[in-house]
Amino acid sequence: MNNIVILISGGGSNMRALVEASRRDDWARQYGAQVSLVLSNRPDAGGLDWARAQGLACAVVDHRAYAQAAEPRVAFEAELVRHIDAQAPVLVLLAGFMRILTPSFVQRYAGRLLNIHPSLLPAFTGLHTHQRAIDAGCRFAGATVHEVTAELDHGPILAQAVVPVLPGDDADTLATRVLSQEHRIYPQAVAQRLRQLR
Ligand code: GRF
């Protein structure tokens, strides 16, 4: 089976969209693929409850546990890698995973590591994308699925969705509109990648 590992930090709605698509579209039969592990850096990530209730394997590597290590980020990632590599995954999907990854982690999964970012890249890398789009007077906003490279929120673009920025929007209303598109394009982009791997 082609294993897929999903990394989350929060509510996990993108993870949920991916899992639901994998079931609805029978990725196991179509691509021999399955979500084999949901991995969180936060023990309190809301998405873990849903994933566990679905019977999915879950693991937590709490980044705060490595704060005293000589190289906290390296120690944290070594533990992430241990969990991920045990799955020998064909894809590693960042889905609202809020830790910056080192170049060596990114290199390890080169070509297999995807991310969803809530802006129309290359505009608005980093955080607070929706408020920044509103502040800039953008008429359109959106989301991007991309391959992860060493530079934050860069890398080849696999899919994008565009939504209007409406009069009276605040960061929350715009985020909600963008998120519904994220849930559509991330599973589509993953399915396309799985087709290419077939
Ligand atoms: C999404 O907008 C994602 O693009 C961003 O953080 C949000 C996480 O949402 N990085 P969720 O955890 O998938 O619900």
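Remember, it's 1-based here, ligands and their atoms both numbered in the order they're listed. Numbers here are sequence positions counted from 1.
Shown here are the side chain to side chain contact (heavy atoms under 4.5 Å, CB included) partners of Glu147, two or more places apart in sequence or in another chain: Leu114, Pro156, Arg193. Every residue two or more places apart in sequence or in another chain that forms a side chain to side chain contact (heavy atoms under 4.5 Å, CB included) with Gln107 is listed here: Ala110.
A side-chain donor-acceptor contact under 3.5 Å links His183 and Ser13.
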TODO: Tell me, with the steps shown, if Glu20 and Arg23 meet salt bridge (Lys or Arg N to Asp or Glu O under 4.0 Å).
DONE: CA-CA 5 Å; Glu20 287 177 344; Arg23 291 174 175 170; over 6 Å; no
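When all heavy atoms of Glu182 and Pro187 are compared, the pair lying nearest together is O-CD, 4.0 Å.
For residues 116-138, no residue pair satisfies the salt bridge (Lys or Arg N to Asp or Glu O under 4.0 Å) rule, not counting sequence neighbours.
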Show the distances, to 0.1 Å, for all pairs joining an N/O atom of ligand 1 and a protein N/O atom that are shorter than 3.5 Å, listing one pair per line.
| unit_1 | atom_1 | unit_2 | atom_2 | d |
| --- | --- | --- | --- | --- |
| ligand 1 | 2 (O) | Glu182 | OE1 | 3.2 |
| ligand 1 | 2 (O) | Glu182 | OE2 | 2.9 |
| ligand 1 | 4 (O) | Glu182 | OE1 | 2.7 |
| ligand 1 | 12 (O) | Gly12 | N | 2.9 |
| ligand 1 | 13 (O) | Ser13 | N | 3.3 |
| ligand 1 | 13 (O) | Asn14 | N | 2.9 |
| ligand 1 | 13 (O) | Asn14 | ND2 | 3.0 |
| ligand 1 | 14 (O) | Ser13 | N | 2.8 |
| ligand 1 | 14 (O) | Ser13 | OG | 2.5 |

